[in-house]
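Below: one structure, written as structure tokens.
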Amino acid sequence: MAGRSSALTWTLAAVVVAAGVIPILIPSMATLVVLILAKGIVVLGIIILLQAGQVSFGHAMFFAAGAYTAGFWGKYLGVGDLVVYLVVGTVFATILGLLVGLFVVRYREIFFGMLNLAFSMVLWSLLEKMFHLTNGADGMRVPRPTVFGMAFSPENFQYVLLYLTLTIAIVATFVVQRFLESPTGNMLRAIKSNETRLEYLGVSARRILLIGYVISAALGGIGGVLVAVAQQIATPEFAYWTKSGEFVFIAILGGVGNAMGAFAGSAVFELVRFYASAQLANSWQLILGVVLIAIILFAPNGLIGLWKRQRAARDES
Amino acid sequence: MTAIVLLEARGLAIRFGGVVAADGVDLDVLEGEKLAIIGPNGAGKTTFLNIATGYLKPQAGTVKFLGKEITAHRPRDITRFGIARAFQIPQLFLDHTVIENLLIAAAGHSGRTTLMRSLHDLPERSEMESLLDLVSIRDVADRKAGELPEGKRKLVDIAVALALKPRLLLMDEPTSGVASSEKFAIMDILVAALEKQRVTSVFVEHDMDMVTRYADRVAVWSAGKIQISGPPAEVLADPVVREQVIGI
Ligand SMILES: Nc1ncnc2c1ncn2[C@@H]1O[C@H](COP(=O)(O)OP(=O)(O)OP(=O)(O)O)[C@@H](O)[C@H]1O
Ligand SMILES: [Mg+2]
């Protein structure tokens, strides 16, 4: 047991060091690593909902809420500070999560998934159609913000963004893991296995799901701010259903039993997209599709599950 | 000294299509008693527990708990009022271990839904372990509930209900599926514990030995009505009950 957890600690440390060091050696990787980590943060939220057996096909709405916070700030208030974006974006996504959540937590499974989709499509069309406010399909530019009041050159900024994102990702992973082990986190899993019994314990399953939903919305908002800042733009695509699908895809790819799966899935997804789209133009989706089929067929617990299984086999021999 | 009426059902009626499960049921549960409900298969005994806990709404009639009408309330509220239920088919969190099932119940009961403390570190842990001792399943504390045989799962289900520290415990065939060699030993301890904690209990039962041994009073549920109720020795000696319910 001790050997197992120290192995996990070392692997985690190695991953964190790799994420922090590789971009120094290969500067072109910095933005890619930010995207991997930022999307991983969003996927943590998907994983929370999956504990309760619920799949949201509309989580991109919270991602977009974070991204457009930065966009609106840039357009209407001028260049802001990344920390302020993060705080305001998270608050905004949290409030949106609470409002939408109050409604969707009454539903389960396909209805839950589709209702989320519907809400996200409303947001998407608002962002598209309210051209005078949002610049429509062109999206909103996100000028490079200051960080803690300090302005940075583009070269330095990408590293500042990287290390800030890495820090947030570590904290978020830790917090989510703790949450999942808490009584509330366990009740979330109990919704999946026996909602009737949960109610017979005097617990409101809706309230538990709402707590999980709001946390996952907040994570979506954080990821949205970071991606918009890294890509210097927020577009309606951020709220589109394919983006929501991407997050669910990454969660299943990485494995939903563990917070680390979010980042494993996100890394594989972005790397395949990055390299395969360079080589194969538009057929990178094909490669990802094949990868996902292979995962579902041969490693239903995702990449993290595969890794654990291999370790278990090694420990036995 | 007249005993307090804990649960009071009046004129309950419910039918499912052509099946009449209750048709004017009046039944009182007195504080401190152990009431057995017997009756043929499909008579409506489980339906009564469903109504008493708010899972089903009766088409007519009312249920009061401590004088307060609870007929329109949900299971969650009724649980909070002090009625816990153990199910005919165990209702557990199958992906969780046995001790986790109890800890979740304890957290539900205390309302301790803190976000940052581990479920395993709850202060109720040792109390939950003694509950497992009570129903003789401490040895499977760390096994997944879904891996256990039916008999053990029934005992976990009872322990989960006890974790809620109810005032009234409703049990639906508590030891069906439990090996008959263990049945009485477990019931002896369970009943003693219920008495000590002054928990009133209702148990639906098919096994007449259990009824004779543990019930203070037995009610016969048949054809949508309570046909007769009284001390087990008296009721079980009734020729009609012997013929129609016990089948001898
Ligand atoms: N929700 C429901 N919908 C339709 N029919 C139901 C429902 N609940 C119970 N019934 C029917 O009502 C009748 C009474 O069922 P109930 O489960 O209460 O019987 P029981 O006395 O508990 O029987 P057993 O001793 O076999 O457990 C049965 O015929 C059953 O099929
Ligand atoms: Mg029954």
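As the structure is a computational prediction, the values presented were derived from the model and not from experiment. Order of the sequence lines sets the chain letters (A, B, ...), proteins ahead of strands, with each chain counted from 1.
- The contact between R117(B) and chain A is made entirely by backbone atoms, counting heavy-atom distances below 4.5 Å.
- Contact tally against chain A (heavy-atom pairs below 4.5 Å) for N101(B), L94(B), T53(B): the top residue is T53(B).
- Residue S204(A) holds its OG atom at 10.0 Å from CZ of R80(B), rounded to the nearest 0.5 Å.
- Within a 6.0 Å sphere centred on OH of Y163(A), heavy atoms belonging to other residues, nucleotides or ligands number more than 12.
- Contacts of H109(B) with chain A are made by backbone atoms alone, with heavy-atom separations under 4.5 Å and no side-chain atom involved.
- Within 6.0 Å of atom CZ in R106(A), 12 or fewer heavy atoms from other residues, nucleotides or ligands are found, so the atom counts as exposed in its surroundings.
- Atom NE2 of H96(B) sits about 3.5 Å away from atom CZ of R189(A), to the nearest 0.5 Å.
- For the residue pair T79(B) and G202(A), the shortest heavy atom distance occurs at CG2-N, 3.6 Å.
- A distance of 13.0 Å separates CG of L201(A) from CZ of R85(B), quoted to the nearest 0.5 Å.
- Looking at Y55(B), both its backbone and its side chain come within 4.5 Å of chain A, counting heavy atoms on both sides.
- With a threshold of 4.5 angstrom between heavy atoms, T196(A) approaches chain B through side-chain atoms but not through N, CA, C or O.
- The shortest heavy-atom contact between G108(B) and V203(A) is CA-CG2, 3.5 Å.
- Atom CD1 of I89(B) has 12 or fewer neighbouring heavy atoms from other residues, nucleotides or ligands inside a 6.0 Å radius.
- Here the closest heavy-atom approach between residue N50(B) and residue Y200(A) is recorded as OD1-OH, 4.4 Å.
- Using modelled atom types, no side-chain atom of R197(A) and backbone atom of L92(B) make a donor-acceptor pair closer than 3.5 Å.
- Of the listed residues (L180(A), N194(A), I215(A)), the one with the most heavy-atom contacts under 4.5 Å to chain B is N194(A).
- Across D121(B), L103(B), L122(B), I104(B), a single residue satisfies side chain to side chain contact (heavy atoms under 4.5 Å, CB included) together with P183(A), and that is L122(B).
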